[in-house]
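The structure under discussion appears below in the form of C-alpha cells.
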Amino acid sequence: QWDINANQFTGKSWTFPSFPEDSGAGLEGLTYVASTNEWWAGSQKNGKVYRYRCELSASGPCSLISGQYGNWGLGEVSGLGYDFNTDTVYVVSDDDDMYVQVSTTGVEMSRGDVSISHCEGIASTPDGKFILSDDGGSLVLCDLSTEVAV
C-alpha cells in the first residue's frame, strides 16, 4: 500500500492465493471493481481474470472468489482498468495489441485494437478517454471508440 500524502509505503501488503503463475508469467494486471467490492487479477500465463476480496485494514491473504473470467480469446492479460463511468472493466493484452470491454460479470461487451504496441496498462479518465502505457514507460491518452491517440 502506498500513502499518497506521505509519498511512501505504509507497510501493508496483500497476497493473492491460488493465482496461476510460473517463473515466466504471473500477475500482470490488477484493478479494483468498486460496484462489486472485488479486486480483479489478470494472468499473463492463461489470459484469465481471477477475482478476490481483500480486507484492507491489515496485511494478509485476499480471499479467492469461486470462478474466473476470460480469456476472451486473448493470449494473456497485461493490464486491467475499471471504468467508474460505465461500471465495466477493460482488459488489455500486449500479445494481441487489443482491448476487450467486459461487464462486471465477465461478459464481453466490445473489443478493439489499441493505439500502442505492447500495451501494459489501461486506465479510464472521467471524460471517457483512456490512458495506455507500454513496456518502455510511455503513456498515451486516447479515445478507444475511434482508436485515435489524442
Listed partners of [X] passing side chain to side chain contact (heavy atoms under 4.5 Å, CB included), at least two apart:
X: S117; result: D97
X: D83; result: N85, T86, T88, Y90, S124, F130
X: S63; result: none

Determine whether a donor-acceptor pair (N or O, by modelled atom type, separation under 3.5 Å) exists between the side chain of [X] and the backbone of [Y].
X: D135; Y: C119; value: no
X: D3; Y: N7; value: no
X: T15; Y: P17; value: no

*asked:* What verdict does the side-chain contact (heavy atoms from CB on, under 4.5 Å) test give for M98 and D113, after you've listed the backbone C-alpha separation in whole Å, the side-chain angles of each residue and the deciding distance to 0.1 Å?
replied: CA-CA 4 Å; M98 67 181 322; D113 296 328; 4.2 Å; yes
* **side-chain contact (heavy atoms from CB on, under 4.5 Å) between L74 and V91, intermediate numbers included** => CA-CA 9 Å; L74 301 174; V91 184; 3.7 Å; yes
Check the hydrophobic clustering (I, L, V, M, F, W, Y; side-chain heavy atoms under 4.5 Å; chains of links allowed) and say if [X] and [Y] are grouped together.
X: W72; Y: V114; value: no
X: V89; Y: V49; value: yes
X: V140; Y: V92; value: yes

**Item:** Test of ring centre spacing under 6.0 Å for W39 and Y52
**Value:**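 No; Y52 has its ring centre 6.0 Å or more from that of W39.
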ask   = Under the side-chain contact (heavy atoms from CB on, under 4.5 Å) criterion, do L64 and S18 qualify, and how do the steps go?
value = CA-CA 7 Å; L64 179 64; S18 301; 3.8 Å; yes
To check you understand the geometry: which heavy-atom pair defines the closest contact between [X] and [Y], and what is its length?
X: L132; Y: C142; value: CD1-SG, 3.5 Å
X: A34; Y: F84; value: CB-CE2, 3.5 Å
X: G75; Y: S93; value: N-OG, 4.1 Å
X: K48; Y: V77; value: O-CG2, 4.0 Å
X: W14; Y: S59; value: NE1-CA, 4.0 Å

Are the side chains of [Y] and [X] in contact, using a 4.5 Å heavy-atom criterion?
X: V102; Y: V107; result: no
X: Y50; Y: I65; result: no
X: F16; Y: L27; result: yes

Spacing of [atom1] belonging to [X] relative to [atom2] belonging to [Y], to within rounding of 0.5 Å:
X: Q44; Y: N46; atom1: CD; atom2: CG; answer: 10.5 Å
X: I116; Y: D134; atom1: CD1; atom2: CG; answer: 4.5 Å
X: L30; Y: L80; atom1: CG; atom2: CG; answer: 7.5 Å

Between Y32 and N37, does the side-chain contact (heavy atoms from CB on, under 4.5 Å) criterion hold? Intermediate values first, please.
CA-CA 7 Å; Y32 176 67; N37 191 31; 2.8 Å; yes
Of all residues at least two apart in sequence or in a different chain, which pass the side-chain hydrogen bond (donor to acceptor under 3.5 Å, both in side chains) check with D127?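 In terms of side-chain hydrogen bond (donor to acceptor under 3.5 Å, both in side chains), with neighbours along the sequence ignored, D127 is linked to T125.
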Please list, chain by chain and in numerical order, all residues satisfying side-chain hydrogen bond (donor to acceptor under 3.5 Å, both in side chains) with S57, sequence neighbours excluded.
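Counting only residues at least two positions away or on another chain, S57 forms a side-chain hydrogen bond (donor to acceptor under 3.5 Å, both in side chains) with E55.
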Item to complete: Say whether S110 and Q101, considering side chains only, have a donor N or O and an acceptor N or O under 3.5 Å apart.
Response: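 Judged by distance alone, the side chains do pair up.
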* Does a donor on one side chain and an acceptor on the other come within less than 3.5 Å for D87 and Y82? ->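 The criterion, which ignores hydrogens and geometry beyond distance, is satisfied for Y82 and D87.
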Exercise. Any salt bridge (charged side-chain N to carboxylate O under 4.0 Å, His left out) involving residues 29-38? Give me the pairs, sequence neighbours left out, ordered by first then second residue.
Key: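 Only E38-R51, E38-R53 qualify under salt bridge (charged side-chain N to carboxylate O under 4.0 Å, His left out).
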